[in-house]
Structures are given as C-alpha cells and as structure tokens.
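Heads up, the thing below is written out as structure tokens.
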Amino acid sequence: MKIVVVGASGLIGAKTTERLRKKGHEVVPASRSSGVNTITGEGLATALKGADVVLDVSNSPSFEDKAVMEFFDASTRNLLAAGATAGVKHHVALGVVGTEELQGSGYFRAKLVQENLIKSGGIPYTIVQATQFFEFIGGIAQAGAAGDTVQVSTAYMQPIAADDVADAVSAICLEPPINGTIEIAGPERFRQNEIVEMYLRAIGDSRPVVGSEDASYFGVKLAEQSLVPGANGRASSTKFDKWLKASLGLLIAICLSFVSSVVHAQVKWINADYTAEPPCGGGMRLAMAEKSNDMTHAQMILHIRAANEVAKEWKTFGHHPFGAVLVGPDNQQILMKQGNISVVRHAETELARRAAEAYGSGYLSKCTLVTTMEPCVMCSGNIYFANIGKVVFGATEEALGKLTGTSKMNPTMNLPCRQVFDAGQKSIQVTGPFPELEEELIEPHKGFWK
Ligand SMILES: NC(=O)c1ccc[n+]([C@@H]2O[C@H](COP(=O)([O-])OP(=O)(O)OC[C@H]3O[C@@H](n4cnc5c(N)ncnc54)[C@H](OP(=O)(O)O)[C@@H]3O)[C@@H](O)[C@H]2O)c1
Ligand SMILES: [Zn+2]
C-alpha cells in the first residue's frame, strides 16, 4: 500500500512512518522539511500520486487563533482536493477527543473545521480522536504556570502515550475507512491537577499545583468529562507510571506510589489489534502552548546537574565521567540520557545519533542537548546534523583540557562549539559555561585522568 504521511517529521508522524515502513508499506513522508507544503500546495500532487491512503498528522506551526484556523482550513482543503485528483481511497486524520465541547478555544475551533471538511470532502475517511499525549502533560503545566504555582483544572483526563497513538493510527490506516470517528485514550483516568503534579514531582519541580474546577484549559473552562472519551473509546495499554519510568528513569521511583493511589479507572483494550508496545522514550509536545520558548537559568542548572548525575553513574560502570541529556521543547522533560561510551562515542555524539533515530528533525529543532562539558568538534558535528536546536553546557572544553591534560584516554581539543556551529548553514543557540557549577562538574574528574 502507498501511504502519504502528512506531518511525517512531527512527533506522531515520525512514529507512524516507522511503523508503517516496518510493515512493508511504501510510505511517503510529507512535510515542509521534505519539500511538501500543504498550505502552498508545493510538492503535494507529486507526493500523492498513486497513494492509497493519506494520513494527516500535521499541526499548525502557530497556535494563535487566526493562524491556526487558517492552517487547518487551507491545509485540509488542499489535501482533500489533491487526494480526490490522485484517487486516494482513505483519508485518515488525527483529532482531539472532546473537540466539539471545547469550542471556546481557537485551536479546537480550527480542529472542528478540519473534521467537518473531511466529513463533507467526498473521500472515504476515518477521524481518530486521541486524548492528550503523555508527552503533552508538561505543556499543560507550563500553560498553567502562575507565579510560583501551577493552576490547572480538576477535570478528568485519560491521557495516552504517543507510541500508543502511533500504533492505533498506523493500524487504522491499514483498515477500511469507517466514514466516522474512533476515539482512543490511555488506560487510566486521572484528574488534571493530579497528573500534572505527578509529572512535575517526577522531574524534580516542586511548585505547588493548585486544582480548581474554574481553571482555564487553553482558554476553556472544562466540564468533568470534557477531555475523556465516550463509552466506545478504545483504551491503549501503556500506563503513565511505566511511561514516566521509561522517560525519566531514576527520578520516577518517588512518584510511583502516588500514581497508583490516584488512578480512578482502568479501561480495557476494546480492539485487540493494537499491541502493547514498550513505553515510549517520548517527545514532549506543546500542542497548544507556545512552541518555542527559552529555557530558564534555573532549568538549565537543573538539567546540567542531571547530566552530571549521568556522568557519575556511568563512571561507576567504568566509563569516562561525561554525561548529556536531551530536553524536550517544554524545557522540562528529559527525553533521553547518555553517558560516554568510548573515545569516538562521546555522550553528546551518542545522544545526538539516538535522538536523530527516534525523533523527527523538525521536533529536534525545538529540543535542547544539555551536557556537563562543552561539546567537542565531533559531538558538535553530530548535534548539527541531528538538527538539535539548542545546546547548554556546564564547563568549557578549555577547562576540561586542564583536567585531562595530555591523557591519551581523552586527547581534548580546544575548539569552542560556537565556532563549529558558526561554520554551519543554520544557527544553534548555545548557552554556557556556568562557572557557579564548575566545582561540582569537576568533582567526578578528580583523580580520574592519568
Ligand atoms: N499533543 C496532544 O496531546 C494531541 C492530542 C490529540 C491529538 N493531537 C493532534 O495530533 C496531531 C499531530 O500532533 P504532533 O504533536 O505529532 O505534531 P508536531 O510534532 O507539531 O508535528 C507537526 C507536523 O506538521 C508539519 N507541518 C507544519 N506545517 C506544515 C505545512 N505547511 N505543510 C506540511 N507539513 C506541515 C511539520 O513538519 P514541517 O515543520 O517539516 O513542515 C510536522 O511534521 C495534531 O493535529 C494535533 O491536533 C495532539
Ligand atoms: Zn565530544
């Protein structure tokens, strides 16, 4: 089958592309980064030629009311017109559970326009409405930030792992169109304030979470059940605690008992076709919050310390004491951790390679690689080609050189990463060094280099 994935460089797009390819289908990735623009129509006819299925998992680059409406309206019209010309047999699109009830929000008004265009567009279709991705909980917390507290709704949520969304959506692409809507959700129900609190505690954020039934959810006051699926919703298998554990590693142990005490409902799989996949590494999405924002100084310190913990942990296994972490676009969630493997597999190089394999390049442009020591020229090159947008480092390569000296174990160079990035064709935002952290970053290196 030939399947065009619109938004293939995004969180769900990259995961569905991988799944459908593994099943042996011809998958055409379509997004601006691969030369297809659904707004201008560039590349659309060529991409859709001979396609059986169009899967639309794109999202608007801007969430401002007018911009998001223009995006979903124009993009959906263009996709349907090109699909009709190409003889597409099934149009599958990803929507959000509760869209009809959330019309106080510009984003959901645009999502409803998208759905209505599809319903009246003449191409057989399936709309898959998903609940909030686990990867989006940080975005909800960020949107609710008010002074030193986080204020969110007490309404119920039944969030789902992005990996489970990708499983469900890719399976639906291979089924006949139903000309209707399928709701998918996670296996557990939480109150929004409870899950936000669990998430924040897990990432070491101690801000009090204040739950209120009047709190706004992206401009809308939620009813208790606004965000949860109806009786026919399909539930996936990955539980929040498992996902947290996989995503955040050690930090999580503390919140597990809390998680199990606030689960309100268990929902069984309705469709046995969806297999339970291991919990995802997860990419943080900020579907409705500002997509590109700056990491605060406090967040940088927190993440550099997390990278230093990785360095210390890997040292205990006999590796060189370097560590790096990949932080999602919400500047909070640690998506991946990596220690040093060998003289050619530095922590940052290895992390950038793993990130490039796991996530789309568009998504990585909004992520930050945080490392204890300034990336060397080899690592900077990998960060550049992986399209990671931002770098934060603790101590300079020059300071590291003083520690490693002439040790053959690490023949440190002195070529600032900014100089390497400056030679490239795109800008990478670099922050560092942090002299106030130098002492603690040097600690694991003391007596190590011979
Ligand atoms: N976040 C949640 O909790 C949640 C829950 C339920 C449903 N959803 C829905 O899931 C869908 C996918 O979300 P996501 O988080 O995976 O999206 P995402 O990571 O933000 O990816 C968006 C994709 O759209 C592409 N795109 C943007 N403008 C384009 C254009 N003019 N032409 C072609 N492609 C374009 C981007 O690629 P380029 O930049 O390369 O163009 C990217 O591949 C959204 O429709 C959202 O409403 C989200
Ligand atoms: Zn390096």
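Predicted, not measured: the structure shown is a model, and the values here were computed from it. Both ligands and their constituent atoms are indexed starting at 1 by order of listing.
Aromatic ring pairs are classed by plane angle as parallel below 30°, tilted from 30° to 60° and perpendicular above 60°; the pair Phe134 and Trp243 is tilted.
The distance criterion of under 3.5 Å between nitrogen or oxygen atoms is met by Ser31 with respect to ligand 1. Ligand 1 has no nitrogen or oxygen under 3.5 angstrom from a nitrogen or oxygen of Val96. Remark: ligand 1 and Pro61 share no N or O pair separated by less than 3.5 Å (distance only, no angle test). Between Phe72 and ligand 1, a contact under 3.5 Å exists for no N or O pair.
For Phe421 and Tyr384, the ring centers sit 6.0 Å or farther from each other.
Nearest residue to atom 31 (N) of ligand 1 from Asn78, Asn37, Leu11 is Asn37 (criterion: closest heavy atom). Looking at Ile137, Leu94, Leu227 and measuring to atom 11 (C) of ligand 1, the nearest heavy atom belongs to Leu94. Relative to atom 36 (C) of ligand 1, the option among Ala8, Ser9, Ser365, Ala14 with the closest non-hydrogen atom is Ser9.
The ring pair (Phe, Tyr, Trp, His ring centres under 6.0 Å) test with Phe136 singles out one residue from Tyr217, Phe218, Tyr199, and that residue is Phe218.
Proximity of Tyr107 to ligand 1, defined as any heavy-atom pair under 4.0 Å, is confined to the side chain (atoms from C-beta onward).
A donor-acceptor pair shorter than 3.5 Å can be found between the side chains of Arg189 and Gln158.
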